[in-house]
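Here the structure comes first, spelled out in structure tokens, and everything after it is commentary.
In each ligand, atom 1 is the first atom listed, and ligand 1 is the first ligand listed.
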Amino acid sequence: MHKGFEVANSWLGATRLQVASTCLGRAERALGHAISYAAERKQFGQQIGKFQGVSFKLADMAMELKAAELLTREAAWKYDQGTVTEADMSMAKLKATEVLAMIADEAIQIHGGMGLMDELPLERIWRDARVERIWEGTSEIQRHIISRELLRPHGA
Ligand SMILES: Cc1cc2nc3c(=O)[nH]c(=O)nc-3n(C[C@H](O)[C@H](O)[C@H](O)COP(=O)(O)OP(=O)(O)OC[C@H]3O[C@@H](n4cnc5c(N)ncnc54)[C@H](O)[C@@H]3O)c2cc1C
């Protein structure tokens, strides 16, 4: 009796890695659309990807996606080795969910009005991304878990 929280905690880490993984896939898809559109759409006589305002967005999106992927892969590898910590899994979940939110939003921005149209999946990806920072532990709770692991050895 009254052991529900312990039971839930025993698998919450793994489900956080699942959330992180699905976010990476959707972020990759949104980034792919953004890159293609930036290379194809012309304004003021040139491809919009040649404007630094757009190309720097793409660079940041790719870099953040890679960072999220590496955190997730490392946590998953440590999970398989039996050495993963709560903070490892929280970092992967936090980073991947926040990166998906950023990439979905910037991908729409790069598409302009077209980004909101039903012909593309971007608005749907953006809308669906919102819950990822809430379920399986909110972003604030992930930050709490990470900081708790940092402070615990210092008695705080
Ligand atoms: C579509 C959907 C499906 C869901 N499916 C499931 C499911 O299948 N199974 C399941 O168990 N749950 C499910 N949930 C619930 C989900 O896990 C919770 O919504 C989530 O854990 C947040 O809890 P809460 O909504 O009670 O928010 P609260 O805990 O009330 O949080 C409200 C705000 O306070 C902040 N906060 C709370 N505590 C702290 C703290 N200690 N430090 C700093 N900030 C804090 C939160 O970060 C948040 O910003 C689902 C939720 C949604 C939206």
Side-chain angles (χ1 to χ4, degrees), residues 1-38 53 56-156:
M1 287 282 277
H2 306 300
K3 295 279 184 195
F5 190 64
E6 269 175 49
V7 172
N9 262 341
S10 67
W11 46 255
L12 257 178
T15 56
R16 283 178 184 150
L17 291 180
Q18 284 170 8
V19 168
S21 307
T22 64
C23 287
L24 293 177
R26 282 176 281 156
E28 190 178 346
R29 187 175 180 209
L31 176 58
H33 278 284
I35 294 168
S36 302
Y37 196 74
F56 278 18
K57 280 190 202 303
L58 292 174
D60 286 345
M61 291 154 82
M63 177 181 67
E64 291 294 330
L65 179 58
K66 189 160 197 169
E69 185 180 343
L70 290 172
L71 274 174
T72 305
R73 281 185 183 277
E74 190 202 53
W77 180 80
K78 285 168 101 176
Y79 187 91
D80 285 345
Q81 307 302 308
T83 58
V84 77
T85 67
E86 291 295 321
D88 290 328
M89 295 183 284
S90 288
M91 281 187 199
K93 197 263 180 185
L94 178 61
K95 185 70 181 172
T97 56
E98 296 202 340
V99 163
L100 171 60
M102 182 276 270
I103 289 181
D105 197 69
E106 293 288 47
I108 289 175
Q109 198 66 22
I110 288 170
H111 281 77
M114 194 58 210
L116 297 171
M117 300 296 133
D118 275 354
E119 289 96 316
L120 291 172
L122 295 174
E123 185 272 340
R124 177 69 195 268
I125 292 172
W126 178 81
R127 196 158 24 102
D128 285 348
R130 191 61 190 87
V131 75
E132 307 294 357
R133 287 180 283 154
I134 293 174
W135 61 14
E136 302 297 337
T138 62
S139 292
E140 291 76 19
I141 293 300
Q142 307 310 327
R143 286 186 167 88
H144 167 70
I145 292 167
I146 295 162
S147 60
R148 183 178 63 189
E149 210 165 289
L150 295 172
L151 292 167
R152 198 178 269 149
H154 300 275

Worksheet item: What protein heavy atom sits nearest atom 43 (C) of ligand 1, and how far away is it?
Response: E140 CB, 3.8 Å
Discussion item. With no hydrogens and no angle check, just 3.5 Å: does a side-chain donor-acceptor pair link S147 and R143?
Written reply: no
Worksheet item: In the protein, which heavy atom is nearest to atom 5 (N) of ligand 1, and how far is it?
Response: W135 CE3, 4.0 Å
Worksheet item: Of all residues at least two apart in sequence or in a different chain, which pass the salt bridge (Lys or Arg N to Asp or Glu O under 4.0 Å) check with E64?
Response: K95
Discussion item. Is atom 40 (C) of ligand 1 near the protein, in the sense that some protein heavy atom lies at less than 4.0 Å from it?
Written reply: yes
Discussion item. Closer than 4.0 Å and a protein heavy atom, does any atom meet both conditions relative to atom 49 (O) of ligand 1?
Written reply: yes
Worksheet entry | I125 CD1 to H33 NE2 distance, which is reported to the nearest 0.5 Å | 6.0 Å
Fill in: Contact bool for atom 33 (C) of ligand 1 (protein heavy atom, d < 4.0 Å)
no
Worksheet item: Would atom 30 (O) of ligand 1 count as contacted, meaning some protein heavy atom under 4.0 Å?
Response: no
Worksheet item: Can E106 and K57 be counted as an ion pair, charged N to O under 4.0 angstrom?
Response: yes
Item to complete: Would you mind checking which non-hydrogen protein atom is closest to atom 19 (O) of ligand 1, with the distance to 0.1 Å?
Response: I134 CG2, 3.8 Å
Discussion item. Strictly inside 4.0 angstrom of atom 10 (C) of ligand 1, do you find any protein heavy atom?
Written reply: no
Discussion item. Yes or no, since that's all I need: does a protein heavy atom fall within a distance strictly under 4.0 Å of atom 7 (C) of ligand 1?
Written reply: no
Worksheet item: Do E132 and T97 get their side chains close enough for a donor-acceptor pair, meaning under 3.5 Å?
Response: no
Practice prompt. Identify which one of L120, L122, I103 satisfies the side-chain contact (heavy atoms from CB on, under 4.5 Å) criterion when paired with I108.
Written response: L122
Worksheet entry | Electrostatic pair K3-E6, nearest N-O below 4.0 angstrom | yes
Discussion item. Give me the residue, atom name and distance of the protein heavy atom closest to atom 52 (C) of ligand 1.
Written reply: V131 CG2, 4.1 Å
Item to complete: Look up atom CG in D88 and atom CZ in R16, then write down how far apart they are to the nearest 0.5 Å.
Response: 12.5 Å
Discussion item. Could you tell me, atom by atom, which parts of ligand 1 come under 4.0 Å of a heavy atom of T138?
Written reply: 22 (C), 46 (C), 47 (O)
Practice prompt. Under the side-chain contact (heavy atoms from CB on, under 4.5 Å) rule, what do M89 and V84 come out as? Steps first, then yes or no, please.
Written response: CA-CA 7 Å; M89 295 183 284; V84 77; 3.6 Å; yes
Worksheet entry | atom 22 (C) of ligand 1 within contact range, any protein heavy atom under 4.0 Å | yes
Worksheet, complete the sentence: In ligand 1, the atoms that come under 4.0 Å of a heavy atom of I141 are 38 (N), 39 (C), 40 (C), 41 (N)
